[in-house]
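Numbering starts at 1 and runs along the sequence shown. All ligand and atom numbering here is 1-based and tracks the order in the structure.
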Amino acid sequence: MAKNRILSGMQPTSQLHLGNYLGALKNWVNFQEKDDFERLFCVVDLHAITVDYNPAQLAQATREIAAAYMASGIDPKKSSLFVQSHVPEHSQLMWLLATMAQMGKLERMTQFKDKAGKNKERAGLGLFAYPVLMAADILVYNATHVPVGEDQKQHLELTRDLAATFNTRYDVELFVQPEPVIAGPAPRVMSLRDGTQKMSKSADSDMTRINLTDDADTIAKKIKKAKTDADPLPETLDGLEGRAEALNLVTLYAALSDMSKEDVLKQHAGQQFGAFKPALTEVAVAHLAPITSRMNELLSDPAQIDNALRDGAEHARSIASKTLAEAQKTMGFFV
Ligand code: AQP
């Protein structure tokens, strides 16, 4: 049996973008080559309903995220793929953990602050409790490693905190402390329109992100319109200090072509963005076209996706039900 277990997920809030792919998904695929890891990847639909969403599109959006996982290289023979809501133990454990999650700590979560915005008083309990559900997602499998983008670091700290609180309160060693693995080729991809904001599915404008399903013309248009500055590319990384948008495009080029940022600069130093942007478009299209076409192929006959999700949920439940029963017994429930 594998010593380590990894768990991660993405929300079916919209199409996956380059941030999701380069910050997390590509790293998930790397884990498939490591024999000492058991791998579980879910589509976190229960998280997706914490913001406004369209019920008529949720099921298809969920299937599309699973298709994106598979098209990016997640192989259901090597990893368990499932839908979060198909494993009710996530929500059940969440309630148990919620009794020990402190409001003060939840209030400090930057994702909650960003998503609730000025309307904090009217934000839903689900959005507020999002990190507790995420803790349950991870702890119900006793995942040892969680590969995520940099934005999820704070939520992972809360998960570790909840694991420790449970173990201390009940004097047990039930939950392991999961390690965040922030090691994707670009752990924080920024918006194409504002180098201070992360690329996000829920940003209003589609021009801020490159989706895995964008065609070559759309990618070219988005990169052409991406915000930059008037200076040429420098020879070294120091020269990108204070130039967030320029650094972001160089980071994307490097991650998409498996190069270091230093080497990208060596190759393109002195170039204006008028020349660099078409080069970036070329590597983005070359990288994404096979993924998009595989996704379309899978979605045209979704039985393969649906079967993988059904088998994955069955396996996931076999692990989650044991952890939940253990947590309930520890807490004194009549089980
Ligand atoms: N811009 C990003 N750069 C690097 N990694 C990123 N991730 C998200 N945005 C970036 C990573 O992708 C995984 C999936 O995230 P999620 O679906 O749970 O939602 P999120 O983190 O809130 O990402 P989005 O795209 O901004 O979604 P919405 O708008 O729906 O909230 C995570 O591992 C995340 O770190």
Side-chain angles (χ1 to χ4, degrees), residues 6-31 39-54 57-58 61-62 64-66 68-69 72 74 83-84 90 109-117 123-124 126-127 130-131 133-138 143 145-159 178-206 208-213 222 226 244-245 247-249 251-252 254-256:
I6 69 166
L7 176 285
S8 200
M10 302 205 184
Q11 304 178 73
T13 31
S14 183
Q15 300 290 338
L16 296 188
H17 51 72
L18 272 187
N20 302 130
Y21 176 69
L22 297 173
L25 188 46
K26 209 158 181 281
N27 195 23
W28 299 3
V29 177
N30 293 338
F31 270 98
R39 296 156 289 263
L40 296 146
F41 300 116
C42 51
V43 183
V44 290
D45 53 350
L46 295 170
H47 285 287
I49 63 165
T50 59
V51 290
D52 283 345
Y53 78 102
N54 184 343
Q57 285 169 5
L58 182 63
T62 300
E64 283 174 13
I65 300 290
Y69 292 176
S72 302
I74 298 296
V83 178
Q84 182 191 30
H90 289 231
M109 295 291 122
T110 48
Q111 181 175 293
F112 173 70
K113 288 195 262 189
D114 287 349
K115 292 203 170 167
L127 188 63
Y130 183 114
L133 178 58
M134 181 166 156
D137 297 338
I138 297 164
H145 296 80
V146 185
V148 283
E150 208 173 80
D151 61 314
Q152 293 300 325
K153 204 170 159 194
Q154 198 186 25
H155 286 168
L156 250 299
E157 273 159 23
L158 192 95
T159 301
E179 292 289 340
V181 186
I182 301 173
R188 190 168 179 83
V189 175
M190 309 311 284
S191 154
L192 296 179
R193 290 309 183 92
D194 178 353
T196 66
Q197 300 292 319
K198 72 161 196 157
M199 188 176 281
S200 172
K201 288 189 232 94
S202 52
D204 288 341
S205 165
D206 195 51
T208 59
R209 56 186 166 252
I210 294 173
N211 304 310
L212 295 193
T213 47
K222 287 179 175 177
E245 287 84 9
L247 173 63
N248 193 37
L249 295 192
T251 304
L252 287 178
L256 288 166

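Here His155 contributes atom NE2 and Leu133 contributes atom CG; the two are 11.0 Å apart, rounded to the nearest 0.5 Å. A distance of 11.5 Å separates OG of Ser14 from CG of Asn54, quoted to the nearest 0.5 Å.
The closest heavy-atom contact to atom 31 (O) of ligand 1, among the options Lys115, His47, Lys201, Gln11, comes from Lys115.
Side-chain contact check for Arg39 versus Leu7: every heavy-atom pair is 4.5 Å or farther apart. For the pair Pro12/Leu58, a side-chain contact is recorded, criterion being any heavy-atom separation below 4.5 Å from C-beta on. Between Met109 and Leu158 there is a side-chain heavy-atom pair separated by less than 4.5 Å. Inter-residue side-chain proximity for Met199 and Leu18 is flagged as met; some heavy-atom pair is nearer than 4.5 Å. Residues Met134 and Gln152 are in side-chain contact: their nearest non-hydrogen atoms beyond the backbone lie under 4.5 Å apart. Contact check for Leu16 versus Gln11: no side-chain heavy atoms found under the 4.5 Å cut-off.
Only the backbone of Pro187 comes within contact range of ligand 1, with a heavy atom under 4.0 Å; no side-chain atom does. Contact annotation: for Ser202 versus ligand 1, heavy atoms closer than 4.0 Å belong to both the backbone and the side chain. Residue-level proximity to ligand 1 for Thr13 is carried by the side chain, the only part with a heavy atom below 4.0 angstrom. Using a 4.0 Å cut-off between heavy atoms, His17 contacts ligand 1 through its side chain alone, with no backbone atom that close. Contact annotation: for Gln111 versus ligand 1, heavy atoms closer than 4.0 Å belong to the side chain alone.
Within the structure, ligand 1 has Tyr130 among the residues with a heavy atom less than 4.0 angstrom away. Under the 4.0 angstrom criterion for non-hydrogen atoms, Arg209 is not in contact with ligand 1.
Checking only distances, Val189 does come within under 3.5 Å of ligand 1, N or O to N or O. The distance criterion of under 3.5 Å between nitrogen or oxygen atoms is not met by Val148 with respect to ligand 1. The distance criterion of under 3.5 Å between nitrogen or oxygen atoms is met by Gly19 with respect to ligand 1. Considering backbone and side-chain N/O atoms, Ala203 never comes within less than 3.5 Å of an N/O atom of ligand 1. Looking at ligand 1, you won't find any N or O of Glu150 less than 3.5 Å from one of its N or O atoms. Backbone and side-chain nitrogen or oxygen atoms of Lys198 are examined, and one is located within less than 3.5 angstrom of a nitrogen or oxygen of ligand 1.
Protein heavy atom in closest approach to atom 34 (C) of ligand 1: Asp151 OD1, 3.2 Å. Protein heavy atom at the shortest distance from atom 33 (O) of ligand 1 is Gly149 N, 3.2 Å. The closest protein non-hydrogen atom to atom 15 (O) of ligand 1 is Asn20 ND2, 3.8 Å.
Ligand 1 places these atoms under 4.0 Å from at least one heavy atom of Arg188: 3 (N), 4 (C). Residue contact check: Gly23 has heavy atoms under 4.0 Å from atoms 4 (C), 5 (N) of ligand 1. Within the listing of ligand 1, atoms 4 (C) sit less than 4.0 angstrom from a heavy atom of Ala186. Residue-ligand proximity, Ala24 to ligand 1, at heavy-atom distances under 4.0 Å covers atoms 33 (O). Within the listing of ligand 1, atoms 13 (C), 14 (C), 17 (O) sit less than 4.0 angstrom from a heavy atom of Met10.
Under the rule for a ring-ring contact (aromatic ring centres under 6.0 Å, His included), the partners of His47 that lie at least two apart in sequence or sit in another chain are Tyr130. With sequence neighbours excluded, the residues that form a ring-ring contact (aromatic ring centres under 6.0 Å, His included) with Tyr69 are Trp28.
Atom CG of Asp52 is surrounded by 12 or fewer heavy atoms from other residues, nucleotides or ligands within 6.0 Å.
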Pair His17-Asn211, side chain to side chain donor-acceptor pair (under 3.5 Å): steps then yes or no: CA-CA 4 Å; His17 51 72; Asn211 304 310; over 6 Å; no
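No side-chain donor-acceptor contact under 3.5 Å links Asp151 and Gln111.
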